[in-house]
Amino acid sequence: MSTRPVYTPKLSRPFYTIENFEFDWAAGQAAAQKKKNSATLQSLWKEKHPEEKILEVSTKSDDPAGVKLSPFNLTRRLPSLRKEFPVENIYQSSKTFRHGGPYVDLLGVTPNKALADPRLLDSGDLVSFTLEKEQYPVNPDFLFYQWLYLTALLENPGLADKVKKTDAFCDIEFNPNKGTNNQARACAVFNSLARLNLLEEARTFEGFKKIMMAQDITEIKEQSQKKEGPLQLNELRSDKRRQSFPVGSFVSHPTIGVGEVIRKTPTSYIIRFKVSGPKTLTKDFVEFNCKKA
């Protein structure tokens, strides 16, 4: 069994909701197997939402627009180089580490090679993103990626229009236990901001940051894991679901993945996640929503 998320637009922060589906996973790396898994995921979602449209946004999509929306194919122009590059290459080549980077040569390789470059793992902690001589923060970890994807969509109006007309998005290549950023979530955010007439304001990084950061970012991440409603709020606060974790233990976050508890305070946990580094989360969220890894 495997669990995969579907992202739908939401007209309030964080501008998306997550609906997780568990199903029998067809093992294997062949494209046919991944397409089979995507079809199963979409079918499960359509059973609950028969009147709405869902789109797989990856190279394994059965829709040509979904394939083009993969960050391996969706491009963004870099004015300094007077050329377009895939979003994946721009994202990886912008990473700036404590002991190296940005590795701008990754713009000139295939997206797969850019993603797998060993320097991305061997250069120490990620400290910033550098793009067109401008620096961007690494925290919150979704901010730069979503803005980059959004600006690429704005340069591709045909694909942007497809995103605006779709009700839900999935990415069968994305494993929430191994990563945080994915194009399905970015599409849901784009759809929401389009419906709120906020795309022009979001075109600049500072404008996008202002939109996304109006609340404390930890609370935004936490709220995104629960649908609104009194019943679920009561369930969230039920003492029967609370689980405490000692310093040194490993926990599994519903979207960020596995991390080690490195510090506790009376109101929060500091957890060092394998993929995204240290995060400070509220005590209630961790003890109600995380599991022992």
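Hydrogens, waters and symmetry mates are skipped; everything else that's a heavy atom, side chains included, is used.
Considering only heavy atoms from C-beta on, Phe190 stays 4.5 Å or farther from Gln146 through its side chain. Side-chain contact between Phe85 and Leu78 is present, with at least one heavy-atom pair separated by less than 4.5 Å. For the pair Val87 and Ile90, the minimum side-chain heavy-atom distance is 4.5 Å or more. With a 4.5 Å cut-off on side-chain heavy atoms, Phe129 and Pro137 do not count as touching. Looking only at side-chain heavy atoms (C-beta outward), Val286 and Lys279 stay at 4.5 Å or farther from each other.
A donor-acceptor pair is defined here as one N or O able to donate and one able to accept, closer than 3.5 Å; such a pair exists between the side chain of Glu56 and the backbone of Ile172. Of the possible polar contacts, none joining the Lys164 side chain to the Arg195 backbone as a donor-acceptor pair under 3.5 Å is found. At distances below 3.5 Å, at least one donor-acceptor pair connects side-chain atoms of Asn289 with backbone N or O atoms of Phe285. With hydrogens and angles disregarded, no donor-acceptor distance shorter than 3.5 Å links the side chain of Ser70 to the backbone of Ser58. The main-chain N or O of Gln33 is found under 3.5 Å from a side-chain atom of Asn37 such that the two form a donor-acceptor pair. Within the 3.5 Å criterion, the main-chain N or O of Trp25 finds no donor-acceptor partner in the side chain of Ser2. Counting only distance, with no hydrogens or angles, the side chain of Glu155 and the backbone of Arg77 share a donor-acceptor pair below 3.5 Å. A side-chain donor-acceptor contact under 3.5 Å links Arg185 to the backbone of Thr180. The backbone N or O of Ser244 lies less than 3.5 Å from no partner atom in the side chain of Glu287, so there is not a single donor-acceptor pair. Formation of a donor-acceptor pair under 3.5 Å by the Thr265 side chain with backbone atoms of Arg263 is not found in this model.
Within 6.0 Å of the NZ atom in Lys36, the count of heavy atoms belonging to other residues, nucleotides or ligands does not exceed 12. Within a 6.0 Å sphere centred on NZ of Lys34, heavy atoms belonging to other residues, nucleotides or ligands number more than 12.
Counting only N and O atoms by type, the side chains of Thr130 and Thr96 include a donor and acceptor under 3.5 Å apart. Looking at Glu88 and Gln92, their side chains do bring a donor and an acceptor atom within 3.5 Å of each other. The closest side-chain donor-acceptor pair between Asn182 and Tyr7 falls under 3.5 angstrom. Between Thr75 and Glu84, the side chains place a donor N or O and an acceptor N or O closer than 3.5 Å (distance only, hydrogens not considered). Side chains of Tyr91 and Asn181: a donor on one and an acceptor on the other come within 3.5 Å. Under 3.5 Å, the side chains of Ser38 and Gln42 contain a donor-acceptor pair of N or O atoms. There is no side-chain donor-acceptor pair under 3.5 Å between Glu206 and Thr204.
Minimum interatomic distance between Cys170 and Ile54 (heavy atoms only, all atoms of both residues): SG-CD1, 4.1 Å. Shortest non-hydrogen contact noted between Asn177 and Ser252 is OD1-OG, 4.4 Å. When all heavy atoms of Ser93 and Pro102 are compared, the closest pair comes out as O-CB, 3.2 Å. When all heavy atoms of Ala202 and Leu193 are compared, the pair lying nearest together is CB-CD1, 4.0 Å. Minimum interatomic distance between Phe208 and Val189 (heavy atoms only, all atoms of both residues): CE1-CG1, 4.4 Å. Between Met212 and Arg13, the closest heavy-atom pair is O-CD, 4.4 Å.
Between Tyr269 and His253, the distance separating the two ring centers is not shorter than 6.0 angstrom.
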Could you walk me through whether Leu55 and Leu69 pass the side-chain contact (heavy atoms from CB on, under 4.5 Å) check? CA-CA 10 Å; Leu55 179 65; Leu69 285 164; 3.7 Å; yes
side-chain contact (heavy atoms from CB on, under 4.5 Å) for Cys187 and Val57? Distances and angles first, verdict last. CA-CA 9 Å; Cys187 283; Val57 282; 4.1 Å; yes
Verdict with reasoning, Tyr136 to Leu143, per side-chain contact (heavy atoms from CB on, under 4.5 Å): CA-CA 9 Å; Tyr136 301 89; Leu143 198 63; over 6 Å; no
Take Gln183 and Phe174 through the test side-chain contact (heavy atoms from CB on, under 4.5 Å) and record every step on the way to the result. CA-CA 9 Å; Gln183 58 269 21; Phe174 173 66; over 6 Å; no
Go through it in stages, so that I can follow the logic: the residues are Arg203 and Thr151, the test is side chain to side chain donor-acceptor pair (under 3.5 Å), and I'd like the CA-CA distance, side-chain angles, deciding distance and then a yes or no. CA-CA 6 Å; Arg203 188 181 292 272; Thr151 54; over 6 Å; no
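Between Lys60 and Glu173 there is a salt bridge, since a side-chain N of the basic residue sits under 4.0 Å from a carboxylate O of the acidic one. The pair Asp171-Arg4 does not meet the salt-bridge criterion, since no charged nitrogen lies less than 4.0 angstrom from a carboxylate oxygen. Using a 4.0 Å cut-off between charged side-chain N and carboxylate O, Glu19 and Lys48 make a salt bridge.
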Kindly list each side-chain donor-acceptor pair under 3.5 angstrom involving residues 103-114, sequence neighbours excluded, with atom names and distances?
unit_1, atom_1, unit_2, atom_2, d
Tyr103, OH, Ser123, OG, 2.6
Asp105, OD1, Arg119, NH1, 3.3
Asp105, OD1, Arg119, NH2, 3.3
Asp105, OD2, Arg119, NH2, 2.7
Thr110, OG1, Lys113, N, 3.2

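Atoms NZ and CZ, on Lys291 and Phe245 in that order, are 10.0 Å from each other to the nearest 0.5 Å. With values rounded to the nearest 0.5 angstrom, Tyr16 atom OH is found 9.5 Å from Lys10 atom NZ.
Asp167 pairs by the salt bridge (Lys or Arg N to Asp or Glu O under 4.0 Å) definition with nothing, not counting sequence neighbours.
Taking the six-membered ring where the residue is Trp, Trp147 and Phe144 present tilted rings, their angle falling between 30° and 60°.
Counting Ile, Leu, Val, Met, Phe, Trp and Tyr side chains that sit under 4.5 Å apart, directly or through other members, Val67 stands alone, with no cluster partners.
When each of Asn156, Leu153, Asp63 is paired with Lys162, the side chain to side chain contact (heavy atoms under 4.5 Å, CB included) condition holds for Asp63 and for no other.
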